[in-house]
Amino acid sequence: MAWKPPPALQVVFYLILTALGIMGSTIHYERYLNSSQLEAVFYNDSPLLVLAGAGSGKTRVITYKIAYLINEMDLNPQNILAVTFTNKASNEMKDRVNSLLRVNVDVWIKTFHSAAANILRIMGNHFSVKPHFTIIDQQDQISIVRKIIRDLNIDPETYQPGKYAFLIDRAKDKLFNAEEAELEAFSTDSVFYDIYKIYEKKLGNENLLDFGDLIFKLTRGLEQNEQGLNLLKNRFRYILVDEFQDTNHAQYTLLKKLTHPEGNICVVGDEDQSIYGFRGARIENILSFSKDYKNSRIVKLEENYRSYQTILTASSHLINKNSGRFGKKLYTKKGEGEKIRFCRAFSDRDEAIFIAEEIQNLKYHDGYEYSDMAVFYRMNAQSRAFEYVFSRLHIPYIIIGGLRFYEREEIKDILAYLKLAINPMDEISLRRIANKPPRGIGEKTVDALVRSTIEKGYPIYQSESEIHIAPSRIPLVKSFLDFYVELKDLVHNTYPPQLLRILFDKSGYIEWLKDENKEEKVRNVYELYNAVEEYSKENQSSSISEFIEEVSLNQGGYDNKYQNNRVFLITLHNAKGLEFPVVFIAGMEEGIFPHYLSGESPADIQEERRLLYVGMTRAMEKLYLTAAKVRKLYGKSVERGLSNFVFELPEELVVFNEEKGTNNNGLIEDNTCGINARGFFQRRLGPQYLNADGEKKVKREPEIKVNNRVIHKHFGRGKVVEVENGVAVICFDDGKKMKFLLQYTPLEKEQ
DNA sequence: CCAATAAGTGTTTTT
DNA sequence: CACTTATTGG
């Protein structure tokens with residue numbers, strides 16, 4: 001770790017160094033970078049592809065490279081664009097660049113989507129994008145599609161809105177508008193084209209852009225407007241891309257437009273960490289980079305600074321099962337480290353208890369802090385068991401993702417008022433708040449209002465003729481529109497917190513929540529107010545529309561400023577880019593991980609495998625994998641087999657333990673878990689799982705051999721066709737072929 | 001038009 | 001299980 005002087009001293013240093021004109025030589029690249037990293041930072045003669053293994057310091061390379069470009073190559077910070085995929089990553093990179101250069105630099109370090117949105121805001125006129133567009137999220141997108149499907153008078157059961165929204169996104173990833181999608185036979189489902197066409201028209205009419213549009217409209221715009229393209233090429237003289245393996249076709253095309261085929265681009269990626277195929281990411285981009293950019297240089301980073309060798313060996317062994325890789329050999333100087341531990345609990349709650357207990361042990365006996373430890377899972381729903389157990393055992397935790405703050409109903413409502421004030425064509429927002437709180441403007445009335453305004457191309461407060469609504473509703477609508485006009489006139493030039501106070505006051509929204517006893521929601525709305533206030537303090541001249549822009553693009557936003565020393569509960573997808581001394585990966589069951597909806601094709605399984613690889617390589621010191629025999633999901637308990645991935649780990653590097661639940665239904669009474677008088681976790685039973693030496697390993701049914709006839713409690717009769725390393729392959733009489741870990745499988749020999 | 005209630009439903013990952 | 005949508009009666 002580099003020593004960081006206190007802020008006041010930093011300023012003094014900076015002033016002295018700048019005055020002496022030696023600021024440029026104050027970064028000791030050689031001291032903090034290894035030889036491959038140095039090469040990646042210094043090389044600028046042609047396009048550069050950095051293949052950076054997990055934990056090999058890729059963020060470090062990007063931050064030092066930005067510093068190098070500014071200090072050594074005399075590039076103006078404004079001429080540099082660095083793109084990442086998540087806000088988390090871009091914030092971290094910003095912090096690291098600023099602290100390296102000891103000054104807040106004016107480099108654009110943004111996500112793809114926010115960079116595109118910013119460009120479209122500033123110079124949308126070049127790309128036929130109207131100003132003041134509203135960015136819609138996935139929920140909005142689906143509800144628009146749902147409405148289209150209903151209007152088409154087709155059954156939303158067979159024509160699922162979510163599915164069509166998904167297809168629209170994928171088409172945009174491939175740079176197809178509705179017409180082109182049809183010409184190119186993008187889908188075999190002809191209804192899709194009708195839906196996409198109407199959707200496209202509706203968004204255009206209401207001046208809405210979905211996430212895909214941000215990239216699509218900009219890329220399309222660059223193809224059609226040379227002036228705009230030149231302006232941008234002039235502005236961005238060097239582009240750096242993080243997590244390049246996650247780019248989709250549209251994003252890659254955008255990059256190719258903005259850069260020269262012979263230089264000024266550096267992409268950093270790892271084909272083994274591509275986990276966003278489901279949203280159009282093309283792992284092939286990383287493979288075709290060398291073809292598209294002539295004379296490009298490839299630098300591999302293979303020294304890992306994060307994990308012990310055992311973790312690297314095990315994860316490499318796993319990922320070696322994938323095909324289509326460059327291949328790499330990660331190594332570390334940190335030494336062997338401990339074995340990976342695997343535990344299968346009886347129920348999902350037992351699994352959480354096992355992890356909770358380990359966490360307490362590690363904290364009280366091994367000196368780990370809560371914030372050193374993280375639990376990863378495949379889907380957000382799995383966090384429930386941990387929340388339940390952790391809160392009863394007083395283990396502080398923070399959930400990343402999950403129910404997001406800005407996706408809460410009350411927050412979206414308040415934002416909808418503001419979005420509508422900015423964009424009077426935004427039907428989605430209008431429908432959201434027209435009758436919240438109830439003011440006698442129901443669906444029919446809104447329909448009538450929309451028909452004579454938005455659908456005819458007028459803002460909602462203006463119409464060419466009388467609006468045909470029931471006479472009893474006229475005064476109600478009129479007073480709503482009066483309020484609306486007042487808000488609209490204030491929205492661009494009122495101090496945002498002031499604006500919110502007026503909104504709360506005149507809409508009656510908070511009063512309504514209070515009347516309904518929605519205390520939690522009231523608190524959240526005030527929380528939003530606090531966020532706006534804080535934002536306004538930090539960005540004095542910004543209007544509310546900039547705040548909204550930020551939160552629209554910061555879907556998973558979390559603030560760990562006040563969340564110190566908590567265990568992280570996080571999905572594997574969100575865990576990318578993070579690292580923890582201790583990592584638990586929960587739910588290692590077939591159907592959960594790999595997830596049963598992820599598909600059965602080799603490509604899908606490979607992506608799931610990469611996801612596990614990402615998870616494992618987050619661990620610095622200790623890694624646990626856990627599973628439950630019985631998992632309660634949507635009310636029902638289901639028994640599942642172990643994830644096949646468990647069998648893909650090198651057996652000699654894993655210690656297998658087993659923990660059992662108390663009773664047959666896997667339920668644990670509340671009062672059986674708790675903290676005892678000395679402040680330690682009190683377990684329900686004595687330790688049943690085995691120690692780390694694995695000596696007490698009880699071999700179950702050791703006599704099971706090839707060609708034995710066996711009976712499985714659930715799958716019935718079958719024949720053993722293979723036994724190796726404690727794993728048996730059994731071919732059941734109904735034709736099913738399955739693998740089992742003998743130690744945990746209740747098998748009887750058939751007499 | 002609205003609130004309450006009943007029925008039903010669908011379950012991944014994210015910008 | 002938890003959440004959305006449909007139905008009903010006021």
Side-chain angles (χ1 to χ4, degrees), chain A residues 83-90 110-117 135-139 141-143 146 150 156-157 160-163 166 169 172-173 209-216 243 246-248 250-251 274-281 348 376-385 388 400-404 406-407 409 434-448 469-470 472-473 476-477 516 551-557 570-576 587 591-599 604 607-608 610-612 614-615 631-638:
Chain A
V83 283
T84 62
F85 272 85
T86 64
N87 295 288
K88 219 169 4 179
S90 83
K110 291 171 184 292
T111 63
F112 259 107
H113 291 87
S114 84
I135 298 169
I136 59 167
D137 65 17
Q138 196 181 30
Q139 287 177 31
Q141 186 190 28
I142 290 174
S143 62
R146 180 178 292 121
R150 269 206 285 259
E157 305 261 307
Q160 295 164 353
K163 195 186 123 200
F166 177 83
D169 281 344
K172 286 180 184 178
D173 289 345
L209 299 188
D210 61 26
F211 287 133
D213 279 331
L214 295 171
I215 311 292
F216 176 73
E243 308 279 11
D246 286 329
T247 49
N248 60 37
Q251 288 161 334
S274 168
I275 56 174
Y276 286 107
F278 68 92
R279 76 175 194 214
D348 49 348
F376 299 166
Y377 35 79
R378 179 64 177 80
M379 49 185 178
N380 284 306
Q382 285 172 262
S383 71
R384 199 170 294 275
Y388 180 88
I400 311 293
L403 300 180
R404 287 160 203 154
Y406 290 103
E407 278 174 12
E409 186 187 12
N435 211 27
K436 277 187 187 179
R439 45 172 81 87
I441 303 177
E443 210 187 322
K444 296 271 178 249
T445 312
V446 177
D447 284 346
I469 49 176
S472 64
R473 304 292 133 185
L476 299 172
V477 172
E516 302 266 307
V551 303
S552 304
L553 293 166
N554 195 356
Q555 293 282 304
I570 191 169
T571 62
L572 285 144
H573 283 86
N574 263 319
K576 186 151 75 157
I592 300 286
F593 194 14
H595 197 275
Y596 73 106
L597 285 179
S598 71
D604 294 329
E607 177 146 322
E608 295 280 305
R610 287 193 293 270
L611 192 54
L612 178 57
V614 167
R631 182 172 296 279
K632 227 177 176 180
L633 218 59
Y634 50 100
K636 270 191 205 123
S637 288
V638 182

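Here is how names work: the chains are called A, B, and so on, in the same order as the sequence lines, proteins then strands, and each is numbered from 1. Computed over heavy atoms, backbone and side chain alike; hydrogens, waters and symmetry mates excluded.
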Counting the atoms with a prime plus P, OP1 and OP2 as sugar-phosphate, which does [X] contact under 4.0 Å by heavy atoms, base, sugar-phosphate, or nothing?
X        : result
A/Tyr276 : sugar-phosphate
A/Thr445 : sugar-phosphate
A/Ile441 : sugar-phosphate

Of the candidate nucleotides [options], which contains the atom at the shortest distance from the side chain of [X]?
X        : options                : result
A/Leu597 : B/dT12, B/dT14, C/dA6  : B/dT12
A/Arg378 : B/dT15, B/dT13, B/dT11 : B/dT13
A/Thr111 : B/dA3, B/dT15, B/dT13  : B/dT15
A/Phe211 : C/dA6, B/dT15, B/dT14  : B/dT15
A/Arg146 : B/dT15, C/dT5, B/dT12  : C/dT5
A/Asn435 : B/dT12, B/dC2, B/dT14  : B/dC2
A/Met379 : B/dA3, B/dT14, B/dT13  : B/dT13
A/Asn380 : B/dT15, B/dT13, B/dC1  : B/dT13

Answer yes or no: does a side-chain N or O of A/Asn574 lie under 4.0 Å from OP1 or OP2 of B/dT14?
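Yes.
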May I ask you to verify if any side-chain N or O of A/Ser114 is less than 4.0 angstrom from the OP1 or OP2 atom of B/dT15?
no
Closest-nucleotide mapping onto DNA chain B: is A/Gln160 or A/Lys444 further toward the 5' terminus? I mean the 5' end.
A/Lys444
For the C1' atoms, the ones on C/dT5 and on B/dT12, what distance do you get once it is rounded to whole angstrom?
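Nearest-Å result for C/dT5 against B/dT12 at atom C1': 23 Å.
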Has the side chain of A/Gln138 got a donor or acceptor that lies under 3.5 Å from a partner of the other kind on the base of B/dT14?
yes
Per-pair stack call A/Phe278 and B/dT13, 5.5 Å, 30°:
yes
Is it the case that the side chain of A/Glu243 and the backbone of A/Thr84 share a donor-acceptor pair, with hydrogens and angles ignored and the cut-off at 3.5 Å?
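Looks like no, no N/O pair under 3.5 Å.
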According to the interplanar angle, ranging from 0 to 90°, do the rings of A/Tyr276 and A/His573 count as parallel (below 30°), tilted (30 to 60°) or perpendicular (above 60°)?
tilted
